[in-house]
Amino acid sequence: HVQLVESGGDSVQVGGSLRLSCTITGSGENTYYMAWFRQTPGKEREGVAAIDGAGTTAYEGSLKTRFTISQDNTKNTLYLEMSSLLPEDTATYYCATGRRVGTVVAPLSRGMYRSWGQGTQVTVS
């Protein structure tokens, strides 16, 4: 059983930076994929960034220029470094983990993830 707890959300000004953390309890096959998603009221939860057990990363659209996903296996923690924040980055951010599926690398599809945290709010204004 995997448990995920996000932290680091805050209210920041446009152009600011934040680092989100996700502490992961449980490991092994259920944490091969790790990712960050975000959601705003009335919209679908969207993938932001993902990393897999081989270290391959993926980002949604142009977010790669401003966001960086990383993991610290010694601390069982997943991070999302966000810079040059924009008002459209305002959302609740969730971390998620999932099992490996075939040769799929670092997926950003919500359906690939089984375990989810409760979310942390990021507000940019």
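The figures that follow rest on heavy atoms only: side chains count, while hydrogens, waters and symmetry mates do not. Quick caveat: nothing in here was measured; it's all calculated off a predicted structure. All residue numbers refer to positions in the sequence shown, counting from 1.
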Nearest heavy atoms of L85 and F67, plus distance in Å: CD2-CE1, 4.1 Å
Separation between CD of Q71 and CG of D52, rounded to the nearest 0.5 Å: 8.5 Å
Min side-chain heavy-atom separation M82-L63 under 4.5 Å: no
Interatomic spacing from OG1 in T31 to CD1 in I24 - rounded to 0.5 Å: 6.5 Å
Polar side-chain atom of T25 near backbone of V2 as donor-acceptor pair, under 3.5 Å: no
Point-to-point distance, once rounded to the nearest 0.5 Å, from OH of Y32 to CZ of R100: 3.5 Å
For the student: nearest non-hydrogen atoms of G9 and V122, plus distance: CA-CG2, 4.1 Å
Contact summary for L18 and G8, nearest pair of heavy atoms: CD2-O, 3.8 Å
From R19 atom CZ to S7 atom OG, the distance as rounded to the nearest 0.5 Å: 9.0 Å
Residue from N73, D72, L78 passing side chain to side chain contact (heavy atoms under 4.5 Å, CB included) with K75: D72
Side-chain donor-acceptor pair present, Q121, T92, cut-off under 3.5 Å: yes
Residues, nucleotides or ligands: over 12 heavy atoms within 6.0 Å of R99 CZ: yes
Shared hydrophobic cluster for Y59 and V48 (ILVMFWY, side-chain gaps under 4.5 Å): yes
Nearest heavy atoms of E6 and W36, plus distance in Å: CG-CZ3, 3.9 Å
Nearest heavy-atom neighbours spanning Y113 and P107: OH-O, 2.5 Å
Aromatic F37 / basic R110 pairing, under 6.0 angstrom, 45° off normal: no
Audit row: D89, R66, side-chain contact (heavy atoms from CB on, under 4.5 Å) steps and yes/no: CA-CA 11 Å; D89 295 319; R66 300 187 293 118; 2.7 Å; yes
Heavy-atom check, side chain of V14 versus side chain of P87, under 4.5 Å: yes
ILVMFWY cluster, Y94 and M34 together (side-chain gap under 4.5 Å): no
Straight-line distance of I69 CD1 to C95 SG, nearest 0.5 Å: 9.5 Å
Spatial distance of atom OG1 (T77) from atom CG (L4) [nearest 0.5 Å]: 11.0 Å
R38 vs Y93, side-chain hydrogen bond (donor to acceptor under 3.5 Å, both in side chains): CA-CA, chis, key distance, verdict: CA-CA 4 Å; R38 66 185 181 184; Y93 284 72; 3.0 Å; yes
S83 side-chain N/O to S17 backbone N/O, donor-acceptor pair under 3.5 Å: no
Residues, nucleotides or ligands: over 12 heavy atoms within 6.0 Å of E88 CD: yes
Residue pair Y33 / V101: nearest heavy atoms and the distance that separates them: OH-N, 3.0 Å
